[in-house]
Amino acid sequence: MIKTRFAPSPTGYLHIGGLRTALYSYLWAKKNNGQFLLRIEDTDLKRNSKLACDEIIKAFNWVGIENADEVYFQSKRFDIYKEYIQQLLDEDKAYYCYMSKNELEELRETQRQNKQRTKYNRKYRDYEGKIPSDVKPVVRIKAPIDSYIEFNDGIKGNMRLYTEDVLDDFIIARDDGTPTYNFVVAIDDALMGITDVIRGEDHLSNTSKQIVIYNALDFDIPNFFHIPMINNEAGKKLSKRDGAVNVMKYKEAGYLPEALLNFLVRLGWSHGDQELFSMQEMIELFNPNDINKSASAYNTSKLDWINSEYIKSLPENNLLELLKEFDLDLSSNKNKSLILELFKSRVNTLKEFSEEIHKLLNAPNSYNDESIKKHINEDSIKVLKSFIEFFNIERPNTLEDYETKFKEFLKTNDLKMGKVAPALRILLLGDHNSPSISSVLYILGTDEIIKRSEKFFTFMEN
Ligand code: GLU
């Protein structure tokens, strides 16, 4: 059975790079009817934040990626790690190292001066001399000497690393007994039965150390997939400004979780030139062996486009519910279906959706300068005034009525749509963009149209 995991360190929020890694791991497990689990790597007690941890779990709930088991917390598993450290000591596969911090620093300094790679010199490996009484020891693993660590990475291909270049007898327990990062990752992946480790390529250098642990404990080595990073559009590391922010910020900005996941699956993986994937399709089609070998570029307009496609396909009831979270409750509005239809294909996010509808439902407090300069002059004011008079007398009722009367007005006054509609939009909504003008007129109704016109004419007179 394929078992994958996502293992964030809760030192910061979950951002989209992390969410993409989680998604890939999730899809691969689901595709194989396997399991996906969430493990919080909170062994660095000083740098952890409870808030970050809660936000990570909240983000998972929001996007709907569920994990098979309960959430694992490494901070609750210290006893397990201690047992394995003891086992390695008992089997003479690890040893106590009494090198003081100063001595270690001196060793490194000499290596640096000799232009060598800084590494521990195995002084206490098989040591038989006198043990210093004033140093609390760390525990170091006996790493293989002068050999190769080999593994196949599903994305990078065959890796063959010379131990003397990438390893030393690294520390597995600090002098206070707490286990180190690479040690606990290897122990957990093995004990939790993880078969496929999918993670960022920034972890590639940890893999050889983890393999040393696997081998020392006779654990099966999982398959590895190290995914290239996400860059910004300029090819640089993704920063906060580019979108490397808390995943929950995407919710606040009005993105749908399905759209965000769809966007992320395509950042680094493709299936022909298909852009839109339902969760079911992602599960069926995704394969980590097809992940791109080079970094991908984050692209906001792509995300906006995908989100707009998802918004368009949302059933009315879902849309009404979602808009409530953006301060818009249309449930008792008799024209709700028409209103939603009018804006559905004009917006990229739910936030924008709500803002646009608010602009329609509430009289404008200001009028766009540019629009006024372009479309308002003595002539257009005259046209607007006679239009309002005409509507005040005609008082249309149905949407069709509004359409017919509007056309009639244009015809009797020998006016083109382009002469009237932009100015009328400014009068009603504050700027010259809006969906179909007759629908806008119908939704507002004649009384509101007249009220808004009075406000506009007063504004223009001053
Ligand atoms: N805890 C690591 C991180 O947040 C991930 C470890 C792993 O995936 O092996 O970057």
Side-chain angles (χ1 to χ4, degrees), residues 2-29 34-60 65 67-69 71-78 81 149 151-156 159 166 170 172 178-214 217 219-230 237-238 244-247 264 268 288 291 295:
I2 298 279
K3 204 164 177 187
T4 63
R5 71 350 179 237
F6 179 58
S9 308
T11 48
Y13 295 118
L14 176 64
H15 66 80
I16 51 153
L19 182 57
R20 183 187 64 161
T21 305
L23 173 66
Y24 286 176
S25 306
Y26 173 77
L27 295 175
W28 188 227
Q35 283 184 354
F36 165 78
L37 60 88
L38 178 60
R39 181 174 78 221
I40 307 284
E41 304 210 312
D42 56 350
T43 49
D44 189 344
L45 301 172
K46 280 184 227 97
R47 288 179 61 219
N48 289 326
S49 129
K50 167 91 175 69
L51 184 67
C53 189
D54 292 347
E55 286 286 299
I56 290 172
I57 292 170
K58 211 155 95 187
F60 263 64
I65 293 185
N67 38 293
D69 289 298
V71 180
Y72 291 93
F73 290 88
Q74 286 188 326
S75 59
K76 296 192 182 139
R77 297 169 56 82
F78 279 113
Y81 308 135
I149 306 277
F151 64 96
N152 185 291
D153 187 287
I155 300 166
K156 308 262 161 206
M159 306 295 288
V166 292
F170 58 92
I172 58 173
T178 56
T180 54
Y181 172 74
N182 281 304
F183 183 71
V184 299
V185 171
I187 298 290
D188 279 349
D189 282 339
L191 295 187
M192 294 173 187
I194 302 301
T195 58
D196 295 67
V197 170
I198 301 177
R199 61 184 169 201
E201 68 181 8
D202 47 336
H203 286 285
L204 199 51
S205 60
N206 292 325
T207 307
S208 33
K209 288 184 179 175
Q210 293 169 14
I211 288 177
V212 169
I213 308 288
Y214 281 107
L217 289 164
F219 289 147
D220 288 340
I221 295 173
N223 302 315
F224 291 103
F225 300 88
H226 287 94
I227 344 173
M229 301 284 108
I230 302 174
K237 188 170 182 263
L238 201 66
V245 292
N246 181 358
V247 163
L264 289 177
I291 292 173

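Note that ligands are numbered from 1 as they come in the structure, with each ligand's atoms numbered from 1 the same way.
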Side chain, backbone, both or neither: Gln210 near ligand 1, heavy atoms under 4.0 Å: neither

How long is the straight-line distance from CG of Asn206 back to CG of Asn182, given to the nearest 0.5 Å? 4.0 Å

Which residue and atom name correspond to the protein heavy atom nearest atom 8 (O) of ligand 1, and how close is it? Arg5 NH1, 2.8 Å

Given His226, Gln74, Glu41, which one has a non-hydrogen atom that is nearest to atom 1 (N) of ligand 1? Glu41

For the residue pair Asn223 and Asp196, confirm or rule out a side-chain donor-acceptor distance under 3.5 Å. yes

Starting from atom 10 (O) of ligand 1, find the nearest protein heavy-atom neighbour and note its residue, name and distance. His203 NE2, 2.9 Å

Measure the distance from atom 5 (C) of ligand 1 to every protein heavy atom, then report the residue, atom name and distance (to 0.1 Å) of the closest one. Ala7 O, 3.2 Å

Just by distance, no angles: are the side chains of Thr207 and Arg199 close enough, under 3.5 Å, to form a donor-acceptor pair? yes

Met229 and Asp202: side-chain contact (heavy atoms from CB on, under 4.5 Å), yes or no, with the steps? CA-CA 8 Å; Met229 301 284 108; Asp202 47 336; 3.4 Å; yes

Classify the side-chain pair Tyr181/Asp44 by whether it contains a donor and acceptor separated by less than 3.5 Å. no

The protein heavy atom nearest to atom 4 (O) of ligand 1 is Ser9 N, 3.0 Å

Working to the nearest 0.5 Å, report the span between SG of Cys53 and OH of Tyr13. 12.0 Å

Does at least one non-hydrogen atom of Tyr181 fall below 4.0 angstrom from an atom of ligand 1? yes

